[in-house]
Amino acid sequence: MTDFFDTVVEPVAFAGQEAPPDAPAYRVYDPERMVLGKPMAEHLRVAVCYWHSFNWPGSDIFGAGTFDRPWLEPGQDPMAAARHKQDAAFEFFQKLGTPFYCFHDVDMAPEGADLAESRANLDAMVERAAAKMEATGVRLLWGTANLFSHPRYAAGAATNPDPEVFAHAAAQVRHMLDATHRLGGANYVLWGGREGYETLLNTRLRQEADQLARFLTLVAEHKHHIGFGGTLLLEPKPQEPTKHQYDYDCAAVHGFLDRYDLVDEFKVNIEVNHATLSGHSFHHEVAYAVDNGIFGSVDANRGDPQNGWDTDQFPNSVDELAPALYEIVQGGGFTTGGFNFDTKLRRQSLARDDLFWGHIGGIDTLARALLVAEAMVTDGVIEQARRQRYARWESDLGADIMKGDATLASLADAAVADGLNPQPVSGRQEHLENEVNRIIWSTPHFMSGRRRL
């Protein structure tokens, strides 16, 4: 370990509710605690993001950076600064005790004067990262290429009106996918932050959709060509930075993949704050993805309900997360995905160890939500209510409809002949909401003699 985060001397460990308030320790997150037959760490598969944590100076559109990130100061040799940043990052990963991290290509390595130099820079930093991963045991949850920050991508990458930009983006993704493969990454993410439009006056929607589909097809083909065994993930977001983004939400992504025969190649990486920006709850997006077989991974954060933009704050609501965790565990949990903390400190959180406090609180919140989800599964009240609500579809009539034995005419004739006059049945929403609260309020933070490996 280096000593950039010198106020946190020992790795953060589980200490339970007895931990002193000022001790950097987990109160709920116990990696070895058994939950529904698996250790808590395997359920959550927590990752730290490289970009907000180490590659953002704490700036916004109204002011300069406020954070103590010496490797971001101007006038340094770019590769020396990248090595300093990487040393601090892996010190943080190791001290926080989380198993994974995620990064964009330009988070880890500076962009060069041309693609060849950028590739060489990334190769050098990836080789160095591989050695650090070997030494620390930290793994790569996913890699991705930044196809949105450089001015060349102002009008998109795959959807750009210039095919040379498309080709440049392809080169960037090819090399980053290769790098992710070399590092043993579990997934590769594509976030189309600029794949959308600002105005329809200069946009051909069908052409841009066709371009995007062609780009994703090329990525999937290259994945198979190099033997990358991870999952390709698309990350939905409705807008920001574009006025309208094509991968608006999970349903839009699903429809797009189905339309272009790519549904077997990609799954979704759902960000909590993106879900709420699209007008949905995080619970909705997770439930849709799980039910439709496209659930892949999660970016754990939250937005501010008073703001209409992506604030990327650390999660702190068990009430918000528990129903989504319930859907995840009911659906079998993560395979290659996990919870990546796509989160950033507030600009006034200036101390170096604030980064620990943000992650510790967020991870404990996830752990508490997982325990509530376990209690919801064990209690069974939600699944029982769902089964009862749809029970009549197990009748002969329901079976005939779903098997395709019935036609519109036969159903209409039978409805008239039988004098059908079905009456509405209560959905019992308030009762079920009360039941979820009952489980949340009655689930203990910890138990004596807790089940461990």
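These numbers come from the heavy atoms of this one structure, side chains and all, not from hydrogens, waters or symmetry mates.
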Can you tell if the side chain of [X] reaches within under 4.5 Å of the side chain of [Y], non-hydrogen atoms only?
X	Y	value
Val298	Phe334	yes
Ile226	His222	yes
Glu111	Asn121	no
Asp312	Asp299	no
Pro315	Thr343	yes
Tyr50	Cys102	no
Ile439	Glu374	no
Phe67	Leu345	yes

Treating [X] as the side-chain partner and [Y] as the backbone partner, does any N or O pair qualify as donor plus acceptor under 3.5 Å?
X	Y	value
Thr203	Leu205	no
Thr276	Asn273	yes
Asp342	Asn301	no
Asn187	Leu141	yes
Arg33	Lys38	no
Glu32	Pro39	no
Asn160	Val165	no
Glu195	Thr159	yes
Asp364	Tyr26	no
Lys95	Val12	no

Just how far is it from atom [atom1] of [X] to atom [atom2] of [Y], taken to the nearest 0.5 Å?
X	Y	atom1	atom2	result
Thr242	Arg194	OG1	CZ	8.0 Å
His244	Glu198	NE2	CD	11.5 Å
Asp249	Leu277	CG	CG	12.0 Å
Asn292	Asp258	CG	CG	10.0 Å
His280	Tyr288	NE2	OH	10.0 Å
Phe295	Thr335	CZ	OG1	8.5 Å

Exercise for the section: Let me know which of Phe93, Phe92, Phe5 forms a ring pair (Phe, Tyr, Trp, His ring centres under 6.0 Å) with His359. Expected result: Phe92
Exercise for the section: Please determine which of Phe148, Trp191, Tyr188 meets the ring pair (Phe, Tyr, Trp, His ring centres under 6.0 Å) test together with His104. Expected result: Phe148
Exercise for the section: Would you check, one step at a time, whether the test ring pair (Phe, Tyr, Trp, His ring centres under 6.0 Å) holds for Tyr101 with Phe90? Expected result: CA-CA 9 Å; Tyr101 74 105; Phe90 275 88; 5.3 Å; yes
[X], [atom1]: over 12 other non-hydrogen atoms inside 6.0 angstrom:
X	atom1	value
Glu221	CD	yes
Glu127	CD	no
His225	NE2	no
Arg346	CZ	yes
Asp264	CG	no
Asp396	CG	no
Leu200	CG	yes
Lys243	NZ	no

Compare every heavy atom of [Y] with every heavy atom of [X], then report the nearest pair and how far apart it is.
X	Y	value
Leu140	Phe100	C-CD2, 3.9 Å
Met176	Thr144	CG-O, 3.3 Å
Val381	Glu435	CG2-OE1, 3.6 Å
His274	Glu235	CE1-OE2, 3.1 Å
Asn340	Cys49	OD1-N, 3.5 Å
Gln211	Ala158	NE2-O, 2.9 Å

Problem - Full working for ring pair (Phe, Tyr, Trp, His ring centres under 6.0 Å) between Trp51 and Phe103 - result: CA-CA 7 Å; Trp51 49 100; Phe103 76 103; 8.9 Å; no
Problem - Cationic N near anionic O, under 4.0 Å, Asp310 to Lys237 - result: yes
Exercise for the section: Run the salt-bridge test on Asp123 and Arg182 with the 4.0 Å N-O cut-off and return the result as yes or no. Expected result: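 Salt bridge: yes.
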Problem - Steps toward salt bridge (charged side-chain N to carboxylate O under 4.0 Å, His left out) verdict (Asp210, Arg214) - result: CA-CA 6 Å; Asp210 288 346; Arg214 182 64 187 140; over 6 Å; no
Exercise for the section: Could you tell me how the ring of Phe314 sits relative to the ring of Phe341: parallel (under 30°), tilted (30 to 60°) or perpendicular (over 60°)? Expected result: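 Correct class here is tilted.
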Problem - Arg128/Asp87 under salt bridge (charged side-chain N to carboxylate O under 4.0 Å, His left out): CA gap, chis, key distance, verdict - result: CA-CA 10 Å; Arg128 199 169 184 269; Asp87 289 343; 3.0 Å; yes
Practice task
Could you check Phe256 against Tyr246 for ring pair (Phe, Tyr, Trp, His ring centres under 6.0 Å), going step by step and ending with a plain yes or no?
Solution key: CA-CA 9 Å; Phe256 181 90; Tyr246 296 136; 8.3 Å; no
Handout entry: Full working for salt bridge (charged side-chain N to carboxylate O under 4.0 Å, His left out) between Asp379 and Arg438
Key = CA-CA 11 Å; Asp379 185 275; Arg438 172 183 63 81; 3.0 Å; yes
Problem - Side-chain donor-acceptor pair present, Asn146, Asp105, cut-off under 3.5 Å - result: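 Distance-only check fails for Asn146 and Asp105.
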Problem - Ring centroid separation Phe14 to Tyr29 under 6.0 Å - result: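 Here the rings of Tyr29 and Phe14 have centres that are no less than 6.0 Å from each other.
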Could you list the donor-acceptor pairs under 3.5 angstrom formed between side-chain atoms of residues 324-332 and any protein atom two or more places apart in sequence or on another chain?
| residue | atom | partner | partner atom | Å |
| --- | --- | --- | --- | --- |
| Tyr326 | OH | Glu383 | OE2 | 3.2 |
| Glu327 | OE2 | His283 | NE2 | 2.9 |
| Glu327 | OE2 | Arg386 | NH2 | 2.8 |

Practice task
Determine, step by step, whether Val372 and Val318 satisfy the side-chain contact (heavy atoms from CB on, under 4.5 Å) criterion, reporting the C-alpha distance in whole Å, the side-chain angles of both residues, the deciding distance to 0.1 Å, and the verdict.
Solution key: CA-CA 8 Å; Val372 173; Val318 173; 4.0 Å; yes
